[in-house]
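Take a look at the structure set out below.
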Amino acid sequence: EAKIQGRDNYQFFQTAMNEAAVARFQLSNRLRNALDNRQLILYYQPQFATTSGRLTGVEALIRWQDPEFGLIPPNQFLPFAEENGFIHQINDWVIREACTQAQKWVSAGLFEDSRISVNISGQNINFKRLGETIFEVLKDTGLNPYHLEIELTERVMMEKPDEVCHTLSLLKQAGVSIAIDDFGTGYSALSHLQLFPLNTLKIDKSFIDNLQTTANGHALLQSIIGIAKSFNLRVVAEGVETDDQRLALDGMACDELQGYLLGRPMPRELFEQRLLTDYNQT
Ligand code: C2E
Ligand code: MG
Ligand code: MG
Ligand code: MG
């Protein structure tokens with residue numbers, strides 16, 4: 001009897017596995033279609049100089065605009081795309097879309113001293129090819145490399161440090177900015193600041209949150225900024241939500257701020273409207 005039950009369980013397990021496989025297959029197809037049908041879109045979140053309040057850049061953040069499920073945030077489909085390798089096509093698309101938009105804004109005289117930041121993620125990234133894609137897109141769009149920044153996490157960089165160093169050096173030499181994203185979380189090590197050619201350090205939101213909630217939050221943040229400055233990096237605070245946080249960061253010589261307090265990620269149309277008004281006020 002135990003044997004029969006064992007077999008039933010096994011069959012149940014197999015059916016469940018097949019259903020999961022079917023679900024994955026359907027999600028794959030749906031995501032592929034989304035890319036083909038322009039249902040993947042970019043939102044834009046502004047970054048500002050801490051002291052002057054001037055616009056310094058904008059981060060491109062992907063969304064899936066599904067006709068049935070509405071606006072799907074990246075953490076609900078990027079992990080899946082990263083698992084099955086579809087992320088590489090997404091990375092390529094985001095680079096091209098971001099550079100195309102940025103060049104439009106530059107041409108309109110609305111983005112002269114600003115940068116667009118693009119997130120790159122995934123496993124098994126072919127960095128040599130990625131670098132070539134970036135150079136090709138810059139050429140195709142006519143965007144000056146000065147206007148582009150690439151954001152990578154330490155986790156992504158550490159998968160193939162030699163290959164990453166090589167590609168990032170070429171990009172940096174050409175004028176593209178390199179940012180280390182979510183600094184201070186997970187795989188962080190100070191040696192990474194020395195290992196990789198960087199321009200910008202983005203301090204993870206958790207450290208900004210800790211300003212209010214942790215006794216040593218202030219000292220820790222101050223130290224991170226000090227270290228970044230000693231490496232001549234531009235420092236951007238992520239996830240700034242309150243005026244108290246903004247004031248504290250101003251006192252710590254944090255170069256730039258990004259967060260809901262200053263501006264949420266917004267659709268292209270709204271960002272462009274603000275470029276025409278608030279963001280280019282002098
Ligand atoms: P990230 O690159 O660290 O982006 C910052 C995230 O924090 C964004 O979430 C942004 O909307 C959110 N954020 C900004 N300010 C605040 C704030 O004041 N409060 C709070 N609570 N959140 C804030 P989002 O857009 O959901 O993106 C999540 C992550 O998904 C990104 O983290 C990035 O790792 C990844 N991602 C987003 N777009 C892309 C993309 O185009 N390509 C790749 N490969 N990854 C992307
Ligand atoms: Mg980012
Ligand atoms: Mg980040
Ligand atoms: Mg993050």
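We count ligands from 1, going down the list as the structure has it; atoms in each ligand are counted the same way.
Taking a cut-off of under 4.0 Å to the non-hydrogen atoms of Ser121, the atoms of ligand 1 that pass are 43 (C), 44 (N). The atoms of ligand 1 that sit less than 4.0 Å from any heavy atom of Val94 are 41 (O). Less than 4.0 angstrom separates some heavy atom of Arg63 from each of these atoms of ligand 1: 11 (O), 24 (P), 25 (O). Taking a cut-off of under 4.0 Å to the non-hydrogen atoms of Gly239, the atoms of ligand 1 that pass are 15 (N), 16 (C), 17 (C), 18 (O). Within ligand 1, counting atoms from 1 as listed, the ones closer than 4.0 Å to a heavy atom of Asp182 are 3 (O). Of all atoms in ligand 1, listed by their number and element, those nearer than 4.0 Å to a heavy atom of Asn91 are 44 (N). Against a heavy-atom cut-off of under 4.0 Å, Pro74 is close to the following atoms of ligand 1: 24 (P), 25 (O), 26 (O), 27 (O), 28 (C), 30 (O), 37 (C). Near Glu241, with a cut-off below 4.0 Å to any heavy atom, the atoms of ligand 1 are 17 (C), 18 (O), 19 (N), 20 (C), 21 (N).
A search for side-chain hydrogen bond (donor to acceptor under 3.5 Å, both in side chains) contacts involving Glu112 returns nothing, not counting sequence neighbours.
In this structure, Lys205 counts as a contact residue of ligand 1, since one of its heavy atoms falls inside 4.0 Å of the ligand. Close to ligand 1: Pro265, with a non-hydrogen atom less than 4.0 angstrom away. Contact analysis puts Glu59 in contact with ligand 1, with a non-hydrogen atom separation below 4.0 angstrom. At a 4.0 Å cut-off, not a single heavy atom of Asn75 sits close enough to ligand 1 to count as contact.
The ring-ring contact (aromatic ring centres under 6.0 Å, His included) contacts involving residues 56-82 comprise Trp64-Phe77, where partners must be two or more places apart or lie in separate chains.
No other N/O/S atom of Asp182 lies as close to the Mg ion (ligand 3) as OD1 does.
The number of heavy-atom neighbours closer than 6.0 Å to CD of Gln194, taken from other residues, nucleotides and ligands shown, is 12 or below.
A side-chain donor from one of Ser206 and Asp204 sits under 3.5 Å from a side-chain acceptor of the other. A donor-acceptor pair shorter than 3.5 Å can be found between the side chains of Glu59 and Asn119. In the model, Arg129 has a side-chain atom that pairs as donor or acceptor with a side-chain atom of Thr133 under 3.5 Å. Inspection of the Gln103 and Ser107 side chains reveals an N or O donor paired with an N or O acceptor under 3.5 Å. Between the side chains of Glu256 and Thr56, a donor-acceptor pair is found at a separation under 3.5 Å. Using modelled atom types, one finds a donor on one side chain and an acceptor on the other under 3.5 Å when comparing Gln101 with Glu97.
When the options Gln45, Gln258, Glu238 are ranked by their closest heavy atom to atom 15 (N) of ligand 1, first place goes to Gln45.
Remark: ligand 1 and Ile87 share no N or O pair separated by less than 3.5 Å (distance only, no angle test).
With salt bridges taken as basic N to acidic carboxylate O contacts below 4.0 Å, one links Asp140 and Arg96. Between Lys128 and Glu132 there is a salt bridge, with a side-chain nitrogen of the basic residue lying less than 4.0 Å from a carboxylate oxygen of the acidic one.
Proximity of Asp181 to ligand 1, defined as any heavy-atom pair under 4.0 Å, is confined to the side chain (atoms from C-beta onward). Proximity of Leu78 to ligand 1, defined as any heavy-atom pair under 4.0 Å, is confined to the side chain (atoms from C-beta onward).
Expressed to the nearest 10°, the angle at the Mg ion (ligand 2) joining OE2 in Glu59 with OE1 in Glu151 is 90°. When OE1 of Glu238 and OD1 of Asp181 are joined through the Mg ion (ligand 3), the resulting angle is 100° to the nearest 10°.
With 2.8 Å as the limit, Ser117 does not count as an N, O or S neighbour of the Mg ion (ligand 2).
Ser177 places no side-chain N or O within 3.5 Å of a backbone atom of Asn199 that could act as its donor or acceptor partner.
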